[in-house]
Every structure is written in C-alpha cells, then in structure tokens.
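Quick caveat: nothing in here was measured; it's all calculated off a predicted structure. Each chain gets a letter, A, B and so on, in the order the sequences are listed, and its residues count up from 1.
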2 protein chains.
Amino acid sequence: MPAWVEGKLFFYADSPPRRLMELFSVKWSTMVLHALSHWPGERARTGELQRSLQGISKKMLFQTLKELEMRGLIARHVYDVIPPKVDYRLTPLGRTFAEPIEQMYQWGLENESALDKMEACYQAASR
Amino acid sequence: MPAWVEGKLFFYADSPPRRLMELFSVKWSTMVLHALSHWPGERARTGELQRSLQGISKKMLFQTLKELEMRGLIARHVYDVIPPKVDYRLTPLGRTFAEPIEQMYQWGLENESALDKMEACYQAASR
DNA sequence: CTGCATCCATAACGATACTG
DNA sequence: CAGTATCGTTATGGATGCAG
C-alpha cells in the first residue's frame with residue numbers, strides 16, 4: 001500500500017490492508033471467525049460459542065455475531081423448536097477471511113518468544 | 001490456539017494470537033511498522049512519517065512511536081543538532097513483527113474484492 | 001522541528017437484568 | 001436457550017497550544 005507521490009511515501013487509511021485491520025480491530029471478531037473455522041461439525045450453537053470464547057460477555061458475543069452476519073461472513077440458522085435453538089457457521093466469504101486470521105494465529109504460535117520479548121521490553125520500560 | 005477441554009473447544013484471550021492482535025488493534029501501529037519496514041534508507045524522520053501516514057494526528061504519531069519504542073520494536077535516534085532532528089528505524093525484533101503485517105497487507109491487496117463484498121453486504125443489511 | 005500536556009467527544013467494552 | 005435493553009466505565013482518537 002505504500003505509494004510514492006512526489007518522491008514521498010504515502011500510506012492511505014482506506015487501503016485494503018487497513019480495511020482488513022478494521023475488521024480485526026473489533027476485539028472478538030477474529031476469535032469468533034477462527035473458532036467457527038475450526039469448529040467440529042461446522043455449526044456452533046450460541047451457548048457453545050460463548051462457553052468456548054472464555055471471557056466474552058453475552059452482549060459482545062451477540063454484537064459480534066450480528067455484525068459478522070451483516071457483513072456476510074457467517075450464516076445464522078434458526079431451528080423452529082422449543083426451547084430455541086440457533087446455530088452459526090462460516091459462509092464461503094467468511095472462509096476467505098479465515099485465511100489471514102489463520103496465518104496470524106499461526107505466526108503467533110510460532111513466535112511466542114518474540115511476543116514475550118516485546119512484553120518484557122514493555123515491562124522494563126514502564127519503570 | 002483452540003484447545004479441547006472436556007470435549008469442548010476453548011479459546012483463550014491471552015493466547016499468542018490474541019496478544020499479537022492486541023498490538024495490531026492500536027490503530028496506527030501496524031501502519032507505522034509497515035511504513036518503516038518499507039522506508040527507503042531504513043530511517044524515517046518524525047515529520048516525514050507524519051506526512052506519509054495520511055490522517056494521523058501529531059498526538060497519535062508520538063503516542064504510537066513511544067509505545068513501539070517501549071516494546072522494543074523501533075529504535076529512536078536523536079541527533080545533537082539545532083533545530084532538533086530525530087529518526088526512527090525498526091529493530092531486529094520489530095522486523096520480526098513486520099512479517100505478519102506484511103502478510104496481512106499482502107492478503108488485503110490480493111483480496112480487495114472480498115473486502116468489497118463484505119462492505120456491500122454490510123451496506124445492504126444496514127437498510 | 002520535536003515532543004509533551006490539556007481538554008474533549010465518542011466509541012468500545014462489560015455487567016446486569018429482563019423478555020419470549 | 002436465545003436475544004435485547006440499559007447503564008456505567010474505560011479506552012481511543014483528535015484538536016490545540018506550549019516549550020526546548
């Protein structure tokens with residue numbers, strides 16, 4: 001995304017990479033997508049998801065699910081039963097977005113030491 | 001990072017991938033790192049960076065630079081001249097983190113159509 | 001030019017309680 | 001069980017002005 005304009009580098013806030021980042025900056029969206037992409041059986045029920053994503057609040061879970069659905073990344077399926085049953089799964093578009101997330105997760109797993117170094121630096125600099 | 005515990009999938013908020021994401025969720029940090037990793041000559045002056053990162057405010061630039069320096073991702077060099085001259089460059093650790101950012105940027109560039117689809121979906125769902 | 005300190009608006013997040 | 005509504009807190013970002 002860098003571009004040279006009049007001999008200077010330019011980065012644009014609305015560039016594709018930034019747009020991708022924007023999606024990711026929503027705290028739980030990557031985790032939800034990642035969870036669904038690894039979910040045994042593809043379809044996850046609301047409660048299952050919540051228990052799986054340790055620490056997510058009900059509100060944030062629903063907000064995230066709704067947003068991802070609006071963006072066409074996940075599909076919501078309502079069963080006509082009592083008590084209510086709903087599940088979510090990735091759409092093909094959602095699977096596309098699971099790719100970079102998977103990459104990121106992979107990198108994180110392989111570079112835990114770099115993350116530790118960064119944190120150590122931060123701690124040291126904080127005093 | 002998914003783990004099976006008692007037959008259920010678990011994701012942890014403090015997993016390496018999440019820690020990476022946390023760094024990225026700071027709006028400008030990826031752009032700064034990415035900019036520096038592509039900077040001709042490696043070293044970028046403060047003002048040059050600001051002009052390059054269209055739309056960043058002075059405050060956010062300094063805040064981001066300071067944070068990245070505290071984390072050991074960039075090095076700050078002060079020249080003993082008047083008027084003041086300072087420049088920043090990636091540390092080896094910073095270069096490590098530039099990798100996943102580059103991947104992400106690459107993905108964004110190659111999948112602009114997916115981003116467009118997502119946005120279109122969102123627009124359609126908003127009415 | 002670089003860096004820092006204020007002040008302020010708003011968006012993100014989370015706890016909780018309530019409905020069908 | 002799924003989903004919504006309300007409220008309060010904190011984090012984030014941006015404008016501006018001042019100092020070395």
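B:Ile74 contributes atom CD1, which lies 5.0 Å from atom CG of B:Leu68 (distance to the nearest 0.5 angstrom). Rounding to the nearest 0.5 Å places OH of B:Tyr122 at 12.0 Å from CG of A:Leu73. If you take CH2 on B:Trp28 and OG1 on B:Thr30, they are separated by 9.5 Å, rounding to the nearest 0.5 Å.
Within the 3.5 Å criterion, the main-chain N or O of A:Gly72 finds a donor-acceptor partner in the side chain of A:Thr91.
To the nearest angstrom, P of C:dG3 lies 11 Å from CD of B:Gln50. Taking atom CE of A:Met31 as the reference point, atom P of C:dA12 lies 19 Å away to the nearest angstrom. Between the NZ atom of A:Lys27 and the P atom of D:dT12 there is a distance of 10 Å, given to the nearest Å.
Residue pairs meeting the salt bridge (charged side-chain N to carboxylate O under 4.0 Å, His left out) criterion with at least one member in residues 72-92 of chain B, sequence neighbours excluded, are B:Arg43-B:Asp87.
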Give the C-alpha distance, both sets of side-chain angles, the deciding distance and a yes or no for salt bridge (Lys or Arg N to Asp or Glu O under 4.0 Å) between A:Arg71 and A:Glu67. CA-CA 6 Å; A:Arg71 294 182 193 275; A:Glu67 210 185 297; 3.1 Å; yes
Pair B:Trp107, A:Glu99 - check side chain to side chain donor-acceptor pair (under 3.5 Å), show working. CA-CA 9 Å; B:Trp107 190 96; A:Glu99 280 174 31; 3.3 Å; yes
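Rotation axes derived from the C1' atoms of the five outermost pairs at either end of the helix from C:dC1-D:dG20 to C:dG20-D:dC1 lie 30° apart, to the nearest 10°.
Taking only side-chain nitrogens and oxygens, A:Thr46 never comes nearer than 4.0 Å to OP1 or OP2 of D:dC1. For C:dC1, the OP1/OP2 oxygens have no side-chain nitrogen or oxygen of B:Arg45 closer than 4.0 Å.
A 6.0 Å sphere centred on CD of B:Gln123 holds more than 12 heavy atoms belonging to other residues, nucleotides or ligands.
Against DNA chain D, the stretch residues 58-88 of chain A makes heavy-atom approaches under 4.0 Å through A:Lys58, A:Lys59, A:Phe62, A:Arg76, A:Pro84, A:Val86, A:Tyr88.
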